[in-house]
Protein chains: 4
Amino acid sequence: MRSKESGAPTRTQRARHQDLITAAIQVITRDGYRAASVDRIAREAGTSKGTALYHFSSKEELYQAVVSALFETGATYMAERLLAADTATDKLRTYIETNLRFITLHPAHVGATQQILMNSDTVHAVQLDDAIAPLRRLLQSGQESGEFGEFDPEVTALSIRAIVDGAASYFLAHPELDHEHYIREAAALFLRAVQPASLTSKDAS
Amino acid sequence: MRSKESGAPTRTQRARHQDLITAAIQVITRDGYRAASVDRIAREAGTSKGTALYHFSSKEELYQAVVSALFETGATYMAERLLAADTATDKLRTYIETNLRFITLHPAHVGATQQILMNSDTVHAVQLDDAIAPLRRLLQSGQESGEFGEFDPEVTALSIRAIVDGAASYFLAHPELDHEHYIREAAALFLRAVQPASLTSKDAS
Amino acid sequence: MRSKESGAPTRTQRARHQDLITAAIQVITRDGYRAASVDRIAREAGTSKGTALYHFSSKEELYQAVVSALFETGATYMAERLLAADTATDKLRTYIETNLRFITLHPAHVGATQQILMNSDTVHAVQLDDAIAPLRRLLQSGQESGEFGEFDPEVTALSIRAIVDGAASYFLAHPELDHEHYIREAAALFLRAVQPASLTSKDAS
Amino acid sequence: MRSKESGAPTRTQRARHQDLITAAIQVITRDGYRAASVDRIAREAGTSKGTALYHFSSKEELYQAVVSALFETGATYMAERLLAADTATDKLRTYIETNLRFITLHPAHVGATQQILMNSDTVHAVQLDDAIAPLRRLLQSGQESGEFGEFDPEVTALSIRAIVDGAASYFLAHPELDHEHYIREAAALFLRAVQPASLTSKDAS
DNA sequence: AATGAATGAGAGTTCATTCAT
DNA sequence: CATGAATGAACTCTCATTCAT
């Protein structure tokens, strides 16, 4: 029975689903995207190709599930922490730090998802733009309130996005490093960059 | 003639080589890395699979040529401009701007190369670290001379690298934008971020 | 299931394996070694290339199976008959006759195996030397016991081996002949050749 | 101009022909029959694929030339020596020894030719039968004159042929051995085998 | 006389997917 | 639920052969 049809998924179903998602992440991370065949993923999950494609009616659907799982976990994680922030400065710092901290918690899942999206045929330029928009709005509102200085919010948002996106592979390649240090430094870097210029002038005098 | 052999390449050789390199870039950019089969690339170049593999003895060799072509063009372009810079500030701005400007000139080539390297089996984590090193040294020397403030040079270098790496896909997705504006803004952003604290306010972060 | 994995082979497994081995022998024998592509073998077995490579993960593995199948059948056949022989003379006759009789039973399988080994990259010079050794020892022990006369055991062993190796193609080319006659004559030939010269003396008187 | 057309071959033509024949033998012997592509052979001969197929209009024609060259050299060599022999015994010994001695002189050429014929589509069962016939006649006439004893001439001829055919690979695999010893032993072996049963006493060659 | 260039046929192999059990 | 079996499409690569120069 295909997973899309009947209503509530069985416990076994959910378990198998999770196993396969985990296996896909593992194989993609360990052996590379190209080596990640359904067969290899299934075997990593301790089952067979036939079974894998019984649970997910196509490879793409499995990969979609990997992506969705990350987005769901991520959205929850982010939302909880972002609400606590008040000022634009605080929100920006929280945004950057929370994002990076989340990546530290799930570097393989994030990395695998990036590879899946990168190789997906569906345009993900849109997805990138979507991910940029709220960040740009945050920066703009900080400028309007006077907390931030003058800069192009789009470019700044893209820059922030870029380092967040690069973080997964960096954390995976250097698991021995002090990620928390990296996180704080990255946030600090952008906070300095968005500071109003006016603040600097008077101190210089 | 196998491309490995000695001797100067014929005119036809070079022409076909260039055609195939261009076609590979085109196909990867337009149809995606996975869709880029030798057959499709050859057809894009107006020739046949057999001919393509006559000129490049393997697909990997063709891809290697794509990468090499970019590195050669890029190295020349960068070297000329970086020499003109004097102070650390100037060097940093030049580094960022020149990099981005080069990408604006060859976004497809850069993007294709990124995909090739990303899918290559040879470790490119090393390559990334290598690309970071000179940048980190530039930042460090700026700190030692007092031009730059206090920050982690590694994290900052990685951030700069990240936005440069992200630029190709952004420029490709938005060819209508004013890239020169993006470039100046990106450079300005990092220049603000590396400014000495003494110049700025009292309570950065 | 990849054939390397553990566990007992299914009934279907064994059946298909056997079908493909038989088909490989058939195609090699009928159409020649070079014409024996996986596709053609598969079609001969009434299946498809994909299926063939599902059961044997490479062409080489299929060929290896052809060779192994012959060796197993042959070893059993030979062992049973060789044990019965007592004297060196008897052993030699049995060795030659049994070898040739086995080839008469499976000329195509033997011929195909010879072609496979001959075209294999793995050194089969070694294999030939290995096949010679026991025969040489048999001849030597016959000489030591005085049953055999003086001759170079190596050269004689190689000669015996040579006619045994040539028998498959001869039997295949002449299926109408009386193979049993050939077998007995061949054995008699070598028995005469190894006879001690001294035995003949009494007849001279 | 194709080699078949005009009358007398140029000196250059003959030289190139010989170079390519030698190269083919070399490549087949060193790298194996399967690895012997026209390209590789041409390069071994210090020329190009195009040139090779200018001189021999097909690969098969080149291989045919390898075979013919051997047969011509061999026929001359054999004929000279066989004429000297008188009795059937002498002829047989000469046949075996001369054959083997010729192989010792050209083991690579003989080996390459064997591989070519073995992989050729044209039936070479006929060729083998043809090669057997004169030998069988020699043995028969020896029997009729009473020089030889009773045995099946066909089987004996095949046996002699078999060891001669096996000699090339043996000599190639063991170039360090005393081939002359091998040759004399092989001849002696068969002479003992064809001896009349009654005669065996005093003069076993 | 020589050869670089081009090409199409065919090889082995991988893989997502379908299906009967 | 699960899976072994089967398959066809697509891929990279090899190679003998043709041809223009």
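Just so it is clear: chains get the letters A, B, ... in the order the sequence lines come, proteins before strands, and each one is counted from 1.
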Query raised in the report: Atom OG1 in C:Thr47, atom CG in C:Leu20: separation rounded to 0.5 Å?
Result: 7.0 Å
Query raised in the report: What distance separates C:Ser120 OG from C:Gln115 CD, expressed to the nearest 0.5 Å?
Result: 13.0 Å
Report task. In whole angstrom, give the distance that lies between atom CZ of D:Arg34 and atom C1' of E:dA11. Result -> 11 Å
**Report entry** Partners meeting side-chain contact (heavy atoms from CB on, under 4.5 Å) with B:Ala36 (sequence neighbours left out)
**Finding:** B:Val27, B:Ile28, B:Ile41, B:Tyr63
Query raised in the report: Is the phosphate of E:dT3, meaning OP1 or OP2, less than 4.0 Å from a side-chain N or O of D:Thr47?
Result: yes
Query raised in the report: More 5' along DNA chain F: C:Gly50 or D:Gly50, using each one's nearest nucleotide?
Result: C:Gly50
Requested in this report: Measure the distance from CZ on B:Arg43 to P on E:dA6 and round it to the nearest whole Å.
Outcome: 16 Å
Query raised in the report: Does D:His55 put a side-chain nitrogen or oxygen below 4.0 Å from OP1 or OP2 of E:dA2?
Result: yes
Report summary line: Whole-Å distance, C:Glu60 CD to E:dT14 P, equals 13 Å
Query raised in the report: Hey, does the side chain of C:Arg16 come within less than 4.0 Å of F:dA6's phosphate (OP1/OP2), counting only N and O?
Result: yes
Query raised in the report: What about C:Lys49, does its side chain sit under 3.5 Å from the base of E:dT13 through a donor-acceptor pair?
Result: yes
Query - Interatomic distance where CG belongs to D:Asp39 and C1' belongs to F:dC13 [whole Å] - result: 14 Å
Report summary line: Rounding to 0.5 Å, atoms CG (C:Leu70) and CD1 (C:Ile25) come to a distance of 7.5 Å
Query raised in the report: At under 4.0 Å, does any side-chain N or O of A:Tyr54 touch on OP1 or OP2 of F:dA2?
Result: no
Query - D:His17 side, atom NE2; D:Phe56 side, atom CZ - distance, nearest 0.5 Å - result: 4.5 Å
Requested in this report: For F:dA2, take OP1 and OP2 only and decide whether either is under 4.0 Å from a side-chain N or O of A:Thr51.
Outcome: no
Query raised in the report: Within this structure, what is the CZ-to-C1' distance between D:Phe56 and F:dT17, rounded to whole angstrom?
Result: 16 Å
Query raised in the report: Please give, in whole Å, the distance from E:dG12 P to C:Gln64 CD?
Result: 17 Å
Query raised in the report: Hey, what do you get for NZ (C:Lys59) to CG (C:Asp39), rounding to the nearest 0.5 Å?
Result: 10.5 Å
Requested in this report: Find which nucleotide of DNA chain E each of B:Gly46 and C:Lys59 is nearest to by heavy atoms, and output the residue with the more 5' nucleotide.
Outcome: B:Gly46
Requested in this report: State which of F:dT18, E:dA11, E:dT14 makes the closest approach to the side chain of C:Leu53.
Outcome: E:dT14
Report task. Would you kindly give the CG-to-C1' distance between B:Asp19 and E:dA5, to the nearest whole Å? Result -> 14 Å
Query raised in the report: Which ranges of DNA chain E pair up as stems, where a stem means three or more consecutive Watson-Crick or G-U pairs with both distances under 3.5 Å?
Result: E:2-21 with F:2-21
Report task. Evaluate the side-chain proximity of B:Val66 to B:Thr113: yes if any heavy-atom separation is below 4.5 Å, no if none is. Result -> yes
Query raised in the report: NA contact type, A:Ser37, heavy-atom cut-off 4.0 Å: base, sugar-phosphate, or nothing?
Result: sugar-phosphate
Requested in this report: For side chain to side chain contact (heavy atoms under 4.5 Å, CB included), just list the numbers for B:Tyr33 and A:Arg34, CA-CA rounded to whole Å, side-chain angles, deciding distance to a tenth of an Å, and then say yes or no.
Outcome: CA-CA 11 Å; B:Tyr33 184 84; A:Arg34 266 174 17 198; 3.6 Å; yes
Query - Rounded distance (Å) that lies between atom P of F:dT14 and atom OH of D:Tyr33 - result: 19 Å
Query raised in the report: Taking the nucleotide of DNA chain E with the closest heavy atom to each, which residue, C:Ser58 or B:Ala52, is nearer the 5' end?
Result: B:Ala52
